[in-house]
Amino acid sequence: MGSILIYTLIFFIGYYGALVINLMTVRPLITNRYIAGLVPVFLFAIAHGYKIVSSPLPQGQDTTIEYALSFNVVMPVVIIVLGAVYAMWNKKTDDKDS
């Protein structure tokens, strides 16, 4: 469960980084901060997956590469993407109501 916290932290760093970039410019450069937050998550997931695949398996544990990839990379990325899609959908409905 530690990997979900790391991926969430990376998402919020990207999300608020886009906010800071938009605040420093006159006209907003990044229109969708949720997608901007997902970009570093995907880049980190690729690097994390490469590290899992290229390093040797731990001794004395009955784990496979597929299990490690699905539990430590795929599941957190899917959760973060679903959360971002839900937040975008919720923001869109809030904008229509007001």
Side-chain angles (χ1 to χ4, degrees):
M1 287 311 287
S3 59
I4 187 72
L5 297 175
I6 298 295
Y7 281 96
T8 305
L9 178 71
I10 291 170
F11 173 76
F12 281 117
I13 288 172
Y15 179 82
Y16 287 114
L19 176 67
V20 169
I21 289 172
N22 283 342
L23 289 175
M24 291 187 334
T25 60
V26 176
R27 202 174 117 224
L29 295 176
I30 302 169
T31 57
N32 193 343
R33 291 191 314 231
Y34 296 105
I35 300 296
L38 288 176
V39 169
V41 169
F42 288 133
L43 294 176
F44 185 79
I46 291 169
H48 192 201
Y50 176 74
K51 190 213 178 279
I52 289 173
V53 170
S54 65
S55 63
L57 293 173
Q59 296 293 324
Q61 294 182 357
D62 192 24
T63 60
T64 62
I65 292 176
E66 293 84 13
Y67 175 77
L69 282 175
S70 65
F71 188 72
N72 293 321
V73 178
V74 174
M75 184 186 66
V77 169
V78 167
I79 291 171
I80 297 296
V81 167
L82 288 176
V85 167
Y86 176 75
M88 282 188 288
W89 175 70
N90 201 17
K91 186 177 184 326
K92 186 170 67 171
T93 58
D94 288 344
D95 291 341
K96 286 183 181 179
D97 290 341
S98 58

Practice item. Treating Ile, Leu, Val, Met, Phe, Trp and Tyr as nodes and any side-chain heavy-atom pair under 4.5 angstrom as an edge, say whether Leu23 and Tyr15 lie in one connected cluster. Key: yes
Check your understanding: Where does the angle between the aromatic ring planes of Phe44 and Tyr7 fall among parallel (under 30°), tilted (30 to 60°) and perpendicular (over 60°)?
Key -> perpendicular
Revision key, fill the gap. Residues joined to Val20 in its hydrophobic cluster, side chain to side chain under 4.5 Å directly or through other members, sorted by chain and number, are Met24
Check your understanding: Is there a path from Ile80 to Leu9 through hydrophobic residues (I, L, V, M, F, W, Y) whose side chains come within less than 4.5 Å of each other?
Key -> no
Exercise for review: Please report the shortest heavy-atom distance between Ala36 and Ile30, naming the atom on each side.
Suggested key: CB-CG2, 3.7 Å
Check your understanding: Looking at Leu69 and Gly49, what are the two nearest heavy atoms and their distance?
Key -> CD2-CA, 3.7 Å
Study note, to complete from the structure: To the nearest 0.5 Å, atom CG of Leu38 lies from atom CG of Asn32 at 8.5 Å
Check your understanding: In terms of hydrophobic clusters joined by side-chain contacts under 4.5 Å, are Ile52 and Ile6 together?
Key -> yes
Check your understanding: What are the two closest non-hydrogen atoms of Ser3 and Phe71, and how far apart are they?
Key -> OG-O, 4.1 Å
Review point. Under 3.5 Å, side chain of Asn22 to main-chain N/O of Arg27, donor-acceptor pair present?
Key: no
Point to revise | Val81-Val39 co-clustered via ILVMFWY side chain contacts under 4.5 Å | key: no
**Study point:** Distance (rounded to the nearest 0.5 Å) between Phe42 CZ and Ile35 CD1
**Key:** 8.0 Å
Study note, to complete from the structure: Rounded to the nearest 0.5 Å, the CD1 atom of Ile4 sits from the CG atom of Asn72 at a distance of 11.0 Å
Check your understanding: Is there a path of hydrophobic side-chain contacts, each under 4.5 Å between heavy atoms of I, L, V, M, F, W or Y residues, that connects Val77 with Leu82?
Key -> no
Study note, to complete from the structure: Taking every heavy atom of Val73 against every heavy atom of Ala45, the minimum-distance pair comes out as CG1-O, 3.8 Å
Exercise for review: First locate atom CZ of Phe11, then atom CZ of Arg33, and finally report the distance between them rounded to the nearest 0.5 Å.
Suggested key: 10.0 Å
Check your understanding: Hey, what's the ring geometry for Tyr86 with Trp89, parallel, tilted or perpendicular (30° and 60° as the breaks)?
Key -> tilted
Study note, to complete from the structure: Minimal heavy-atom distance between Ser55 and Lys51, with the atoms involved, is OG-O, 2.9 Å
Review point. Can you name the closest pair of heavy atoms from Leu57 and Thr64 and give their distance?
Key: CD2-C, 4.3 Å
